[in-house]
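Take a look at the structure below.
Just so you know, ligand 1 is whichever comes first in the structure, and atom 1 is the first atom listed for that ligand.
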Amino acid sequence: MKAIVIGGGIAGPATAMALQQVGVDVTILERRSDDGRATGSYFSIAPNGLSALDAIGALDLARALGSPAHDSLMYGATGRLLGRVTLGTPLADGTPSLTMRRGDLTGALMDEAARRGIPVRYAARVTSVRTSPERAVVTLEDGTELDADLVVAADGIHSVARRTLDAGAPAPRYVGLTNFGGITRNSPIADRLTPQDWTFVFGRRAFFGAFPEPNGDVVWFVNVPRPEISREERASTTDTRWKEWLTSLLSGDRSDAAALVAAGELQLAGDNTYDLGHVPVWHDDRLVLVGDAAHAPSPSSGQGASMALEDAVALAAALRDAPSVPEALSSYEAARRARVEKIVAVGARSSSSKIPGRVGRIVQEAVMRLVFRFVTTDARQKWMTGFRSPTLRGRSVDARQ
Ligand SMILES: Cc1cc2nc3c(=O)[nH]c(=O)nc-3n(C[C@H](O)[C@H](O)[C@H](O)COP(=O)(O)OP(=O)(O)OC[C@H]3O[C@@H](n4cnc5c(N)ncnc54)[C@H](O)[C@@H]3O)c2cc1C
C-alpha cells in the first residue's frame with residue numbers, strides 16, 4: 001500500500017514513521033525548503049505525546065532535545081502563589097513532560113524519517129488533492145501529479161486538504177490572544193525560578209510563562225489579549241519596539257517577567273492564537289486529516305503537538321487492523337474525535353482565563369486559587385496526560401487494502 005503525507009511539521013513525519021512501521025510505503029511532501037530547525041519558540045510535549053513518540057520508536061530523540069518539566073507554578077499579579085498543577089503523569093520509566101524548541105523537534109523527526117528510508121521532499125507545496133473511491137492524487141505547485149492509495153493531510157491549522165473534503169469546513173477561530181516567545185541567555189534570574197518547573201504569571205495586562213534551562217538560559221512567552229495583529233503591523237514593528245511594549249505591559253506585576261523580556265531576545269513575535277474545534281468532515285475514502293488540520297487546541301492547552309502525535313499512532317493502528325482503507329479511516333475518526341474535541345474545549349477555557357475579566361485581578365486571583373485547588377487537580381487531568389498510545393508491533397496492513 002502506498003501513502004503520501006502532506007506536511008513535515010509534527011504530525012507529518014510522525015505519521016509517516018507510524019505508517020512505515022505497519023508496512024505502508026510512504027512519502028512526505030513539505031512546502032518549506034528546509035527542515036525548519038532554529039525557527040520558532042519553545043513548547044512542551046506532555047507524557048501522552050511522549051507515549052506516542054515511544055510507539056514509533058522516537059522517544060529517545062525527544063529525550064535528547066528536551067528538558068524535563070514537572071509542574072506549573074501559577075502566580076498572580078500580586079506575586080502570590082495561586083496553585084501548583086502537574087504537567088502530566090510521567091511515563092512508566094519516570095520521563096515527565098519535555099520542554100524543547102519546536103523547530104528542533106520538527107527537524108529531528110524529519111531527519112529520523114529520512115534515516116529510516118522514507119522519501120522526504122522539501123519545497124513541495126501541494127496545491128490540491130482529488131480523490132476517487134480507489135485512489136488519491138495530489139498536485140504540486142509545479143504541476144507534478146503524484147498518486148497513492150491514501151493521502152494523509154498533516155498540513156496544519158490552515159490546511160488546504162480540509163477544504164477539499166468539505167468546502168464549508170470551518171476556519172480557525174482567533175481566541176483573542178497574541179503570542180510572543182523568547183529567550184534570555186545566561187540570566188541570573190534563572191536561579192530565582194524553580195528548576196524543572198514552568199512559572200506562570202496571570203498579570204494585570206498580559207499572561208507570562210518562564211522556564212529555566214539547566215544551562216542558565218530562561219525561555220519565556222507572553223500572551224497579550226488584544227485584536228489580531230495584521231501582517232502590516234507585524235512587518236513594520238521591530239523586535240526592539242515589541243519588547244518595549246511587552247515590558248511596559250508586564251512592569252506593573254510583581255514578577256521577574258519585565259526584566260526577563262527586557263534582557264532577552266525574541267524568537268516569536270506577533271503570532272495570533274487560533275483554535276479549531278469541530279471539523280465536521282475528517283476524511284473520505286482516500287484522504288484523511290491528522291493533527292492541527294483536523295483539530296487545533298489553542299497553545300494554552302499545551303496539547304496540540306501531543307494530539308498530533310497520538311493521531312499518527314491511532315491512524316497506523318487503524319490501517320493495520322481494518323480490512324480496508326475507508327473502514328480504517330472511519331475507525332480512526334471514531335477513536336479520536338471525542339478526545340480531541342474535549343481537549344480543544346479545555347484549551348479554549350485556558351485561553352479565556354488569561355484574559356483579565358471585568359471583576360479585576362484581585363477577585364480573579366481568589367477564584368483561581370479555588371480553581372487550582374479543587375478543579376484543575378492532578379486527578380482531574382489524568383484523562384488528558386495519562387493517555388497512552390497502543391503499540392504498533394505485530395501485524396502489517398492487509399495487502400487487500
Ligand atoms: C506559539 C505556539 C505554542 C505552542 N505550544 C505548544 C505546546 O507547548 N505543546 C503542544 O503540544 N503544542 C503546542 N502548540 C501547538 C503545536 O505546535 C501544534 O499543535 C503542532 O505543531 C501541530 O502539528 P501539525 O504537524 O499538525 O501542524 P504543523 O506543525 O503546523 O505542521 C504543518 C506542516 O505542513 C506544512 N504544509 C502546510 N501546507 C502545506 C502544503 N500545502 N504542502 C506541503 N506542506 C504544507 C507546513 O509547512 C508545516 O511544516 C503550540 C503552537 C503555537 C503556535
Side-chain angles (χ1 to χ4, degrees), residues 4-16 28-37 39-50 52-53 62 66 69 72 87-88 97-103 105-107 109-110 120-129 138-141 151-164 172 175 177-182 198 209 211 219 221-223 267-276 289-312 340 343-344 347 350-351 384-385:
I4 290 171
V5 170
I6 309 171
I10 305 288
T15 305
I28 303 173
L29 305 175
E30 165 55 48
R31 69 177 170 194
R32 282 190 323 261
S33 53
D34 60 27
D35 66 14
R37 264 202 180 87
T39 56
S41 52
Y42 283 69
F43 75 167
S44 299
I45 304 292
N48 52 308
L50 297 176
L53 283 173
S72 301
L87 283 162
S97 176
L98 295 174
T99 292
M100 66 193 77
R101 202 165 184 190
R102 203 145 57 109
L105 181 62
T106 303
L109 289 173
M110 288 290 269
V120 170
R121 288 181 57 176
Y122 288 106
R125 178 195 284 269
V126 172
T127 51
S128 68
V129 186
V138 303
T139 306
L140 300 182
E141 203 168 26
V151 170
V152 180
D155 52 346
I157 193 165
H158 301 292
S159 168
V160 169
R162 193 166 61 235
R163 302 251 176 232
T164 304
V175 305
L177 287 175
T178 55
N179 203 347
F180 297 79
W198 272 89
F211 180 79
V219 301
F221 71 87
V222 189
N223 291 151
Q267 295 176 317
L268 176 76
D271 197 38
N272 296 310
T273 302
Y274 301 97
D275 70 6
L276 181 66
L289 308 177
V290 294
D292 276 9
H295 48 75
S298 92
S300 305
S301 70
Q303 279 288 329
S306 291
M307 288 301 99
L309 293 166
E310 285 183 11
D311 282 356
V340 298
I343 286 175
V344 175
S350 182
S351 290
M384 190 159 61
T385 59

| request: Could you label the plane-to-plane angle of the Trp198 and Phe221 rings as parallel, tilted or perpendicular, counting under 30° as parallel and over 60° as perpendicular? | output: tilted
| Do Arg31 and ligand 1 have an N or O pair less than 3.5 Å apart? | yes
| Is the shortest N/O to N/O distance between Ile6 and ligand 1 below 3.5 Å? | no
| Judging by distance only, is a nitrogen or oxygen of Gly304 under 3.5 angstrom from one on ligand 1? | yes
| Looking only at distance, does Val160 have an N or O less than 3.5 Å from an N or O of ligand 1? | no
| For Arg31 and Val160, what are the C-alpha separation, side-chain angles and deciding distance, and is it a side-chain contact (heavy atoms from CB on, under 4.5 Å)? | CA-CA 12 Å; Arg31 69 177 170 194; Val160 169; over 6 Å; no
| said: Are any of the N/O atoms on Arg125, whether in the backbone or the side chain, positioned under 3.5 angstrom from an N/O atom of ligand 1? | reply: no
| message | Regarding ligand 1, does Asn179 bring an N or O atom to under 3.5 Å of one of the ligand's N or O atoms? | response | no
| query | For ligand 1, which atoms sit closer than 4.0 Å to a heavy atom of Gly302? | reply | 7 (C), 9 (N), 10 (C), 11 (O)
| Are any of the N/O atoms in Tyr42 less than 3.5 Å from those in ligand 1? | no
| message | On a heavy-atom basis, I'd like to know which of Ser301, Gly9, Ala11 is closest to atom 24 (P) of ligand 1. | response | Ala11
| Of the listed options (Phe180, Phe43, Phe221), which comes nearest to atom 7 (C) of ligand 1 when hydrogens are ignored and any heavy atom counts? | Phe43
| N or O contact, Val126 vs ligand 1, cut-off under 3.5 Å | yes
| task | Have a look at Asp311, Asp292, Val129 and point out the one with the heavy atom closest to atom 20 (C) of ligand 1. | result | Asp292
| remark: Across all chains, not counting sequence neighbours, the salt bridge (Lys or Arg N to Asp or Glu O under 4.0 Å) partners of Arg163 are none
